[in-house]
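In what follows, a structure is listed as structure tokens, so that the remarks can point back to it.
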Amino acid sequence: MIRVKHIFYVTSLAAASVYLFGIAGLLVAGFISGGWGSVFFVTPKPRGSAGCLIALMLLVLFILMLFPAVQTAHPASRRMQCGNNLKQLCLALHNYHDHKGSFPPAITFDANGKPMHSWRVLLLPYLEQTQLYDDYSMDEAWDGPNNRKLLERMPDVFRCRYQPSEDKHSTGYCVVIGERTCFPPNGSRSLRDIMDLSSDTMMVVEYSPRINWMSPHDPTLEQFKQDVTRRGPDHLPPHYHSDLFEYHYPGCNFGMADGSSRFAGGDRDEALWDTALQIDDGVFNAQQAEKFWDAAPPYSSRTRPEGFVALAAFLVLTFLPAWWLIGLRHIKLETRL
């Protein structure tokens with residue numbers, strides 16, 4: 001006879017299983033629940049059946065723990081998609097340059113010096129967003145009554161795949177504003193101004209304090225370097241993935257002045273960031289390049305206590321009926337005596 005405790009058991013087991021294995025956890029929970037159900041309600045002699053079932057469950061659990069599905073994200077494909085977004089932005093910047101003779105200004109201002117529009121808005125026609133650009137009013141500020149209506153229409157190229165789905169209006173793709181970066185505080189820069197190798201000069205960065213995609217408030221060089229030097233799990237763009245026991249923070253993608261994208265681990269040496277971001281700071285030597293590009297940051301992992309708790313709960317729930325079975329045998333033995 002099915003009772004409330006049986007329903008509670010199956011529900012709890014399913015919750016723990018889904019947390020560990022994703023949607024496939026429902027099949028795992030169904031297999032375990034069905035096996036114990038057959039022992040308690042169908043099999044007339046549960047002793048041998050219970051032993052076989054426990055052995056089978058241990059084998060299945062061992063296979064599942066080795067299976068890659070225990071991970072909750074697919075970091076390589078997401079990182080690649082983010083890199084492709086940056087390549088599209090860099091290509092659009094170059095198309096703008098070919099058409100206008102320079103890159104767009106990071107920010108445009110009105111006659112009183114008030115920030116009006118972002119480079120992301122100016123780039124819309126070069127991102128196949130001509131209609132959105134036409135609907136945008138240059139006669140009012142980015143947050144004016146007409147332009148506010150366009151917030152929901154943020155192009156996907158400004159959205160990293162790691163970005164939470166409910167974060168609909170913000171982006172982590174920014175430019176760094178500085179007297180010697182690709183985007184000066186006033187005016188614009190051309191390719192002729194870049195004295196360093198364009199393949200070593202950052203043009204678009206991933207910035208962890210996310211901003212509204214239409215907002216003309218990109219970080220300055222000092223702000224960005226300050227953020228970089230304090231970067232840890234709480235100050236990184238959302239490029240992390242997790243296995244059962246750890247969060248991993250590999251670093252960030254960056255769009256380069258030659259139109260490519262590169263990956264950096266988040267080094268905290270400000271001098272290296274000056275070299276990467278400024279247009280006339282020289283290039284990395286071999287030792288600096290090895291330290292800066294593709295290297296894992298010092299805070300590349302952090303323990304997931306909830307993973308240990310979930311695994312413990314799942315294992316306890318999986319084998320709890322075996323304890324109940326032992327209790328039933330003791331009851332039957334005492335009854336016979």
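Here the structure is a predicted model, which is why all the values come from computation and not from measurement. Values below: all heavy atoms of this structure, side chains included; hydrogens, waters and symmetry mates excluded.
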> Is the backbone of A271 close enough, under 3.5 Å, to the side chain of T275 for a donor and an acceptor to pair up by distance?
Replying inline: yes
>> If you compare all heavy atoms of R159 against all heavy atoms of K168, which two are closest, and at what distance to 0.1 Å?
In response: NH2-O, 3.3 Å
>> Could you measure the distance from the CG atom of L277 to the CE atom of M203? Nearest 0.5 Å is fine.
In response: 12.5 Å
>> For N112, give me all partners under side chain to side chain donor-acceptor pair (under 3.5 Å), at least two apart in sequence or on another chain.
In response: none
> Are V204 and L191 co-members of a hydrophobic cluster defined by side-chain heavy atoms under 4.5 Å apart?
Replying inline: yes
>> Can you give me the closest heavy-atom contact between D200 and M256, atom names plus distance?
In response: C-CE, 3.4 Å
> So how far is it from F8 CZ to L13 CG, rounded to the nearest 0.5 Å?
Replying inline: 11.5 Å
> Roughly how far, to the nearest 0.5 Å, is the CE atom of M202 from the CG atom of L86?
Replying inline: 10.5 Å
> Centres of the W273 and F292 rings: under 6.0 Å?
Replying inline: yes
> Between CZ of R210 and CZ of F158, what distance do you get to the nearest 0.5 Å?
Replying inline: 12.5 Å
> Is there a donor-acceptor pair closer than 3.5 Å between any side-chain N or O of Q223 and the backbone N or O of T220?
Replying inline: yes
>> According to ring pair (Phe, Tyr, Trp, His ring centres under 6.0 Å), who are the partners of F308, at least two apart in sequence or on a separate chain?
In response: F245
> Once you round to the nearest 0.5 Å, how far does CG of L151 lie from CG of N212?
Replying inline: 5.0 Å
> Are any side-chain N or O atoms of N147 and backbone N or O atoms of A141, one a donor and one an acceptor, separated by less than 3.5 Å?
Replying inline: yes
> Atom CG in N253, atom SG in C160: separation rounded to 0.5 Å?
Replying inline: 7.5 Å
>> Using the side chain to side chain contact (heavy atoms under 4.5 Å, CB included) criterion, which residues pair with S118? Sequence neighbours excluded.
In response: R120, P216, D218
Side-chain donor-acceptor pairs under 3.5 Å in residues 122-131, sequence neighbours left out?
{"residue": "Y126", "atom": "OH", "partner": "H99", "partner atom": "ND1", "Å": "2.8"}
{"residue": "Q131", "atom": "NE2", "partner": "D135", "partner atom": "OD1", "Å": "3.0"}

> Of the non-hydrogen atoms in F254 and A264, which two are nearest, and what is the gap between them?
Replying inline: CE1-CB, 3.6 Å
>> Applying side-chain hydrogen bond (donor to acceptor under 3.5 Å, both in side chains) to S102 and S190, what does each step give before you reach the verdict?
In response: CA-CA 4 Å; S102 67; S190 71; over 6 Å; no
> Considering residues at least two apart in sequence or located in another chain, which fulfil the side chain to side chain donor-acceptor pair (under 3.5 Å) criterion with S215?
Replying inline: H217
> Quick one: are the ring centres of F109 and H117 less than 6.0 Å apart?
Replying inline: no
> Mind checking what makes ring pair (Phe, Tyr, Trp, His ring centres under 6.0 Å) contact with F183, not counting sequence neighbours?
Replying inline: none
> Shortest non-hydrogen contact from C90 to G259?
Replying inline: CB-CA, 3.7 Å
> For the residue pair P219 and Y207, what are the closest heavy atoms and their distance?
Replying inline: CB-CZ, 3.6 Å
>> What verdict does the salt bridge (charged side-chain N to carboxylate O under 4.0 Å, His left out) test give for R180 and D274, after you've listed the backbone C-alpha separation in whole Å, the side-chain angles of each residue and the deciding distance to 0.1 Å?
In response: CA-CA 9 Å; R180 295 164 59 196; D274 282 331; over 6 Å; no
